[in-house]
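What follows is one structure encoded as structure tokens, with my remarks underneath.
Below, each value reflects all heavy atoms present in this structure, side chains not excepted, and no hydrogens, waters or symmetry copies.
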Amino acid sequence: MASIGSAEDVLRQVDQFWSMLDDLCENDPAVYRKFMETQMKEGAEYSAPPMLDSCLCTEILGPMKGLLYINICSWKRVPALQDPSRPLPVCAGKLETDTDEGQGAYTVMDVALNPAVLQDSKEDKAEVYMMALSFAQQQLGMTLSQQYTLISSGPKNSPDDLHRRLGFRQCPKVSKQPDTASQTPAALIRQISSLRSEKQDVDTAAQIIRRPAEHKKKDLIQVISTSFVQPQKPEYQLEVKTDTAGVPRSVELTVELPKVCSMSDCQLRISKDDVLLEVEDVYYLLLEFPKTVSEDTASAIFNKKKRRLTVRVDVL
């Protein structure tokens, strides 16, 4: 019965709100129009997409080597910092890893901040860049070089790439500004609701806390909470197979994947120097081959019963 009473209370409050808007629309159209325009404007701001502000490139020092590209984005949907002693809200996108023929394996990470944070540091963004590096290092569990290069454009940082990794969905575009004076309160509330609906779907991925000035030397930044899922490193065995004369002929990688049901869940990339295995949000494994291999000869077999993946590739 308690839940019914709560539902009735909510409905009663909604009815009161509708009545208030109806009265305001009838008795003071100017105030009603201003109120609705303000709500529409705020809704439109929250529906705006994240925008790339700058891109950093740094080196992953361990456990495996590679390059890390950090896209620092401006996004109104991320709450502004109200108090320097409070956590700084940050939205982190889903990690994306790929290989390039010239530079090998690399990882792309998006870090979105409220526009006011970037505007406040417009003259010197060094602190923002170092915070992004520290945040990435804690989230990825990797050792990163603290030296970075500011680049104009990195791999996979088109607007579509950013939107996909940050979980942004574009609202249908309105052809013209709605006439708030001529529309009913119900119609306008529906428009406002549609503009704000995406705001509820986006979770702040993590928060970084800025300590007061006197504590800057210790715990400058700290991850308070996160919805980022850190993939596990699966158990594996990597060995070189030789012929009867002891000459290396192939490399065999066996990976235990107890949380995987099908080969289709695995993303496998092989180059002459390394192998990358990813199962989204579950497993991540990047290994250097002990011998240079011929990637064209690679084969992979997944044993569903044992939940085991076996990769074989010939040595050059």
Is there a salt bridge (Lys or Arg N to Asp or Glu O under 4.0 Å) between E239 and K241 once you walk through the steps? CA-CA 6 Å; E239 56 182 335; K241 299 290 186 179; 3.3 Å; yes
Under the side-chain hydrogen bond (donor to acceptor under 3.5 Å, both in side chains) criterion, do S262 and D265 qualify, and how do the steps go? CA-CA 6 Å; S262 171; D265 297 331; 5.1 Å; no
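Under a 4.0 Å N-O distance rule, the pair K94/D110 does not qualify as a salt bridge. A salt bridge between D314 and R249 is absent, with no side-chain N of the basic residue lying under 4.0 Å from a carboxylate O of the acidic one.
By the ring-ring contact (aromatic ring centres under 6.0 Å, His included) test, F289 is found to be paired with no residue, residues two or more places apart in sequence or in another chain being considered.
In this structure, M263 is a member of the same hydrophobic cluster as V255, with clusters built from ILVMFWY side-chain heavy atoms closer than 4.5 Å.
The backbone N or O of V108 lies less than 3.5 Å from no partner atom in the side chain of R165, so there is not a single donor-acceptor pair. Between the side chain of S158 and the backbone N or O of D161 there is at least one donor-acceptor pair closer than 3.5 Å. The backbone N or O of M131 lies less than 3.5 Å from no partner atom in the side chain of S134, so there is not a single donor-acceptor pair.
Within a 6.0 Å radius of CD in E288, no more than 12 heavy atoms belonging to other residues, nucleotides or ligands are found.
Think of M51 as one node in a network of Ile, Leu, Val, Met, Phe, Trp and Tyr side chains linked at under 4.5 Å; it has no links at all.
If you take CG on L56 and CD1 on I151, they are separated by 8.0 Å, rounding to the nearest 0.5 Å.
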